[in-house]
Asker: 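There's a structure below that I have some questions on.
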Amino acid sequence: MKKRKFHLTVDERLMLHLSSYSVLDDQLEMPFALTQQGIADAIMVLRSAVPRSIKALESKGLVEERLAHVRGASRRRKVYLLTRDGRLHINELIEKILEQKVTFIDDDGDDQLIRIRDLNDRLDTKYPVLTIVTNIEKDGTLRIEDLREPNRKEEEEEEEEEEEKPKEPKKEKAAAPMVEYLLHAPRVSYFEGRNPEISEAFARLTGGCKVVVIYGIAGMGKTTMAAKIMEKMKGQRSIFWYRFHEWDSLRNLLLHLGRFLDKSGDKKLLEFLERTPTTNVGEAITMLEDSLAKMKVALFFDDVQKGGNEVLSFFRALIPMVEAAPDIWMVVTSRDSTPFYDRREVLVKKTVHEMELKGLDMESSFMILRTRGIEEETFHEIYNVTNGHPLSLELVESALEKIDTTNFTKYMQEEVFSHLERNQRSLLGLASVFRYPAPKDALLGFDPDIDIAVLSEMVQRTFLNQSDEGYDIHDLLKDFIKTYFSEEELRKYHGHVAKYYTYSIDEIKKQYKDLSQVCDESQFHDLQSDNQDVKDDEASCTMELVYHTSYCGEMDQIIDMLTGKGAMLLDNGMSLQLLEVLEPMAPQLTEDRHKFIFNSIKAQCHHDLGEYSLAKESYRDSIGGAQASELADLTEMYSDLMAEDCHGRRLSPLYLALRYGQLLERENDIEGSGNVFNNVYAILKDEKAAQIIKDDPCLMLNVTGLLGWNSWKLNDAARAGELFEECLVTAGKLPNLPGMAKMSMERYQNAIEDGNLDIAMSSMDDFLDILKKNRGYEAEAAVLGAIEDVLVRSLLTRYTAKMLEE
């Protein structure tokens, strides 16, 4: 165990740790680091030592306990913060520590006597005082490499007087199962060259580097090289492969990471995403950190340059997590050196290694051309004009007199596409309009002259790449092919693909219906998992159907699909894709009904993506800033849009008005949001709204809770109390909530009457937990989660008053 110059007691280390989080005093959500386990991890003691230390500090008035929402946790947990006296006390200790001098040894082995106060000015990374002190050796030496080491739990200090307990022999943990999740990973049927590059990548990863970034211009073989690296890792570690598209959002990526972790038996991320409609980078990293740290895993991210700013922010936060994890490797491909890490990680820390792919060497190039029947005498001319560019080499068909690869479009038109048969061009045209790898059945069902032989030949000649999901075309070829065909021909291709996805959706539904009919009770759990897979498949096919139908200009059909399935697409994290489809539609909208659906879906897309100003604008466009009578008119006018499935309410003007009110509240326009909530509340209180409440029994619960919260903020405590009581009564009457929820509410109300705060809060936690787990009530759960803190304050006030009265 490392001896330190500064002896800090467990109490002092604990307070130093908490001092880093003093700015969070007024936050509703707290980090895991403030829980007992988080504190134990940070100050490197056993968890059993933390409660004793906290109790001692609480008795001195230096630390206080609080119930709070903890990121990534399903229910409220106890967290610990410094009191005002605690902050004053620890600041005195920090000042004494900062004035001490240490012998600092840098990367080059040079040492210098320096005050701790001045130390961070010399370092690229700012380290907390606790981290610095716990790494100072007994002789006063501090080494830079010790600061960079990830924190490890140590035994408690010898000064802690604790009875030794007999230690049980450690049980060896079962090795995590090796799992693979290869979304759009290519099959490499033919590969030539790049052996030195592959060897270098492996040498870096096995030598301590955690991230390899492969970049280069289009067609240079980055994806193929990454796939070869992946093949060599199979059976040695779990593998996750994800290929980015321009419309991908962070939530798309996290959903697939969640499914990958689910295959290894870890459901936390998937369950978190199911109950959380929007996700930020910090939450995502918190959820992943614990799960991935337990695995021996290789993460492959292909075409990262296509990810948006949110994805890049995620990668910036992911890099330090990968660096600190014991056995995670990461391989990234991109057109350019990526902007999610800085030069220090490449040059100083050497945890990231960049590899720029250039053209193939002459030997590898000749091997490719020889398979095309190119003789050695013409090889040098072709090599000189292609510069070993792999894709250009693979597309060479014969000895050509002149090749101009500097103009790729001209080269493809004159020297490549002109040599293809009609059915071959037709096959490539059809494949080019697919956004994801094209299934074999879709390609073979279009043209009677396209058969499996033609498909196989296009794969052999590298026009098509094959993966487990289907057949894909390189981006360079895809861009060219789309300019080669006329708009009429492209609409024909899109129309065929739309028919294919319509058929696929029908088959998915039929498959699940047949499965549910033969399912017995023992198969119920498996059926539920299958059901989620079926819903995911249906959502993916529906999104593609909307995309291809929009290209054909079938406006009525698109509006009908958005009406019936728009909510399902939003729930599956497809907001960014929907916006890509909706934006070009705007000029074509003429009917009021079309405009309402368009703006309603668009508003919710922006809302889910955190683009609140754009969301507010779209909400205004959809409901027109309507007052109560106008909202009632809109509700009656669009009553047919309270669609047939359970998510149809998301197109209700009342639902949209509530979302709009929440955005106003977010901007601290409390009066404005109150007006909106009051309008909706007034409509639902009218006897004409009985059918609306019957169709959507949680809507009144939602409105009442929001209005109560709003009244509290406007200092109308009397009305807030009435609304909260009404909210609880409404929740207790909901027929669709499990009986345990009703029991929890009754227990809560009884506890209030008895003045038992602990039981009341426990009952509220139970109720919210049930509500969150009940699919179909996610929005209401979020609302009640927000007003829970108001209820806490209300309970405390009433409880205190009762105690004073007694």
Side-chain angles (χ1 to χ4, degrees), residues 183-184 247 252 255-256 259 427 430-448 450-452 455 467-472 490-519 523-524 526-574 577-578 580-582 585 597 601 640-651 775-776:
L183 190 69
H184 306 151
W247 54 86
N252 294 142
L255 281 169
H256 289 289
R259 290 165 191 163
L427 171 61
L430 178 61
S432 71
V433 302
F434 277 88
R435 300 200 302 170
Y436 295 104
K440 180 173 68 175
D441 293 346
L443 296 177
L444 297 181
F446 174 69
D447 185 330
I450 298 175
D451 56 20
I452 192 66
L455 184 59
S467 68
D468 291 339
E469 291 83 18
Y471 299 83
D472 202 4
L490 289 174
R491 275 196 297 273
K492 182 180 177 183
Y493 292 138
H494 281 284
H496 171 76
V497 178
K499 289 179 182 177
Y500 170 77
Y501 281 115
T502 301
Y503 168 79
S504 298
I505 292 169
D506 291 340
E507 286 297 302
I508 288 170
K509 291 179 179 177
K510 182 176 181 296
Q511 177 186 1
Y512 181 66
K513 183 178 179 182
D514 293 344
L515 180 63
S516 61
Q517 288 175 348
V518 300
C519 176
Q523 297 169 312
F524 180 75
D526 291 338
L527 178 63
Q528 289 298 97
S529 298
D530 292 338
N531 184 19
Q532 188 56 46
D533 291 340
V534 169
K535 288 180 179 178
D536 292 341
D537 290 343
E538 183 184 358
S540 297
C541 288
T542 302
M543 186 65 249
E544 294 312 294
L545 176 57
V546 171
Y547 168 74
H548 292 287
T549 304
S550 71
Y551 199 95
C552 300
E554 301 290 342
M555 189 60 62
D556 285 330
Q557 190 178 347
I558 295 169
I559 293 297
D560 287 342
M561 283 190 286
L562 292 176
T563 302
K565 299 298 180 184
M568 177 183 70
L569 300 178
L570 289 166
D571 290 342
N572 277 268
M574 295 178 175
Q577 295 191 56
L578 275 170
E580 294 262 351
V581 173
L582 291 174
M585 288 169 51
I597 301 297
I601 298 291
D640 59 317
L641 300 180
M642 303 287 287
E644 304 159 0
D645 64 12
C646 65
H647 293 294
R649 61 190 174 82
R650 291 186 68 164
L651 289 176
R775 292 192 180 190

Asker: Are the side chain of T549 and the backbone N or O of V546 linked by a donor-acceptor pair below 3.5 Å?
Answerer: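 Side chain of T549 to backbone of V546: no pair is present.
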Asker: Measure centre to centre between the rings of F434 and Y471, then say whether the value is under 6.0 Å.
Answerer: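 They do not qualify: ring centres at least 6.0 Å apart.
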Asker: Out of curiosity, I505 CD1 to T542 OG1, how far, rounded to the nearest 0.5 Å?
Answerer: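 Rounded to the nearest 0.5 Å, the CD1-OG1 separation comes out at 3.5 Å.
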Asker: Checking D451 now: which residues fulfil salt bridge (Lys or Arg N to Asp or Glu O under 4.0 Å) with it, not counting sequence neighbours?
Answerer: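 So D451 forms no salt bridge (Lys or Arg N to Asp or Glu O under 4.0 Å) with any residue.
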Asker: So, using side-chain hydrogen bond (donor to acceptor under 3.5 Å, both in side chains) as the criterion, who are the partners of H494 when residues are at least two apart?
Answerer: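 Only H548 meet the side-chain hydrogen bond (donor to acceptor under 3.5 Å, both in side chains) criterion with H494.
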Asker: Checking L562 against L582 for the side chain to side chain contact (heavy atoms under 4.5 Å, CB included) test, could you report, in this order, the C-alpha distance in whole Å, the side-chain angles of both residues, the deciding distance, and whether it holds?
Answerer: CA-CA 10 Å; L562 292 176; L582 291 174; 3.7 Å; yes
Asker: What's the separation between atom CD in E538 and atom CG in D506, rounded to the nearest 0.5 Å?
Answerer: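 It is 9.5 Å, given to the nearest 0.5 Å.
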Asker: Hey, what do you get for SG (C541) to CD (E544), rounding to the nearest 0.5 Å?
Answerer: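 Spacing of SG (C541) from CD (E544) equals 8.0 Å.
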Asker: Which value, rounded to the nearest 0.5 Å, describes the distance between S540 atom OG and L545 atom CG?
Answerer: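 The distance works out to 12.5 Å.
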Asker: Let me confirm one number: the CE-OG1 distance from M561 to T502, rounded to the nearest 0.5 Å.
Answerer: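 The OG1 atom of T502 is 7.5 Å from CE of M561, to the nearest 0.5 Å.
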Asker: Write down the atom of L490, the atom of Y551, and the distance for their closest heavy-atom approach.
Answerer: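 Shortest heavy-atom contact: CD1-OH, 3.5 Å.
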Asker: Can you tell if the side chain of H496 reaches within under 4.5 Å of the side chain of V433, non-hydrogen atoms only?
Answerer: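 Side-chain contact under 4.5 Å: no.
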Asker: Is I450 close to L455 at the side-chain level, that is, under 4.5 Å between some pair of heavy atoms?
Answerer: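 No, their side chains stay 4.5 Å or more apart.
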Asker: What residues form a side-chain hydrogen bond (donor to acceptor under 3.5 Å, both in side chains) with D441, not counting sequence neighbours?
Answerer: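 Listed in chain order: nothing, the list is empty.
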Asker: Evaluate the side-chain proximity of D447 to L427: yes if any heavy-atom separation is below 4.5 Å, no if none is.
Answerer: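 Of all side-chain heavy-atom pairs linking D447 with L427, none is under 4.5 Å.
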Asker: Out of curiosity, R491 CZ to E554 CD, how far, rounded to the nearest 0.5 Å?
Answerer: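 With rounding to 0.5 Å, CZ (R491) is 10.5 Å from CD (E554).
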Asker: Do Y500 and P439 make a side-chain contact, defined as non-hydrogen atoms from C-beta onward lying under 4.5 Å apart?
Answerer: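 Yes. Closest side-chain heavy atoms under 4.5 Å.
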Asker: Kindly determine whether V581 and M543 satisfy side chain to side chain contact (heavy atoms under 4.5 Å, CB included), including the steps that lead there.
Answerer: CA-CA 9 Å; V581 173; M543 186 65 249; 3.7 Å; yes
